[in-house]
S.K.: 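Sharing a structure below in structure tokens format, with a few things to ask.
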Amino acid sequence: MIVVSAPGKVVISGEYAVLGGTTAVVASVDLRARVTLSRGPSDGSPPRDAGSPGAAPLPPEVVLSRQEAERALGPLAV
């Protein structure tokens, strides 16, 4: 099982300006995002992220996160 958490933040100004190399104003908040991944039984149902035909592809950071989780845990049952 893998358990990860990340601190919360709020971007007050400049969330897209940083893409151009400038600064942003960011503050932390007293919240955390938590995810727990573990192996589970596979019942043969299609994965949740199979999506509908014509749906937008998953963002690359989501695909990479799943690949790394599967590398560490083996195929994920969803």
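Side-chain atoms are counted along with the backbone in the values below, which use heavy atoms only and exclude waters and symmetry mates. Keep in mind that what you see is a predicted model, and the values were worked out from it rather than measured. Throughout, residue positions are numbered sequentially from 1 according to the sequence presented.
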S.K.: Counting C-beta onward and ignoring hydrogens, is there a side-chain heavy-atom pair between P7 and R32 closer than 4.5 Å?
M.R.: yes
S.K.: At their closest point, which heavy atom of A24 faces which heavy atom of G14, and how far apart are they?
M.R.: CB-O, 3.6 Å
S.K.: Hydrophobic cluster membership, with links at side-chain heavy-atom distances under 4.5 Å among I/L/V/M/F/W/Y: are V11 and V25 in one?
M.R.: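 No, V11 does not connect to V25 through the hydrophobic network.
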S.K.: Indicate yes or no: at least one non-hydrogen side-chain atom of R34 is less than 4.5 angstrom from one of V3.
M.R.: no
S.K.: Please go through L64's hydrophobic cluster and name the other residues, only I, L, V, M, F, W, Y counting, with side-chain heavy atoms under 4.5 Å joining them.
M.R.: none
S.K.: Please find the pair of heavy atoms, one from E15 and one from V18, that lie closest to each other, and give the distance.
M.R.: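 Result for this residue pair: O-CG2, 3.4 Å.
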S.K.: Taking all non-hydrogen atoms of both residues into account, name the closest pair between A72 and I2 and its distance.
M.R.: CB-CD1, 3.7 Å
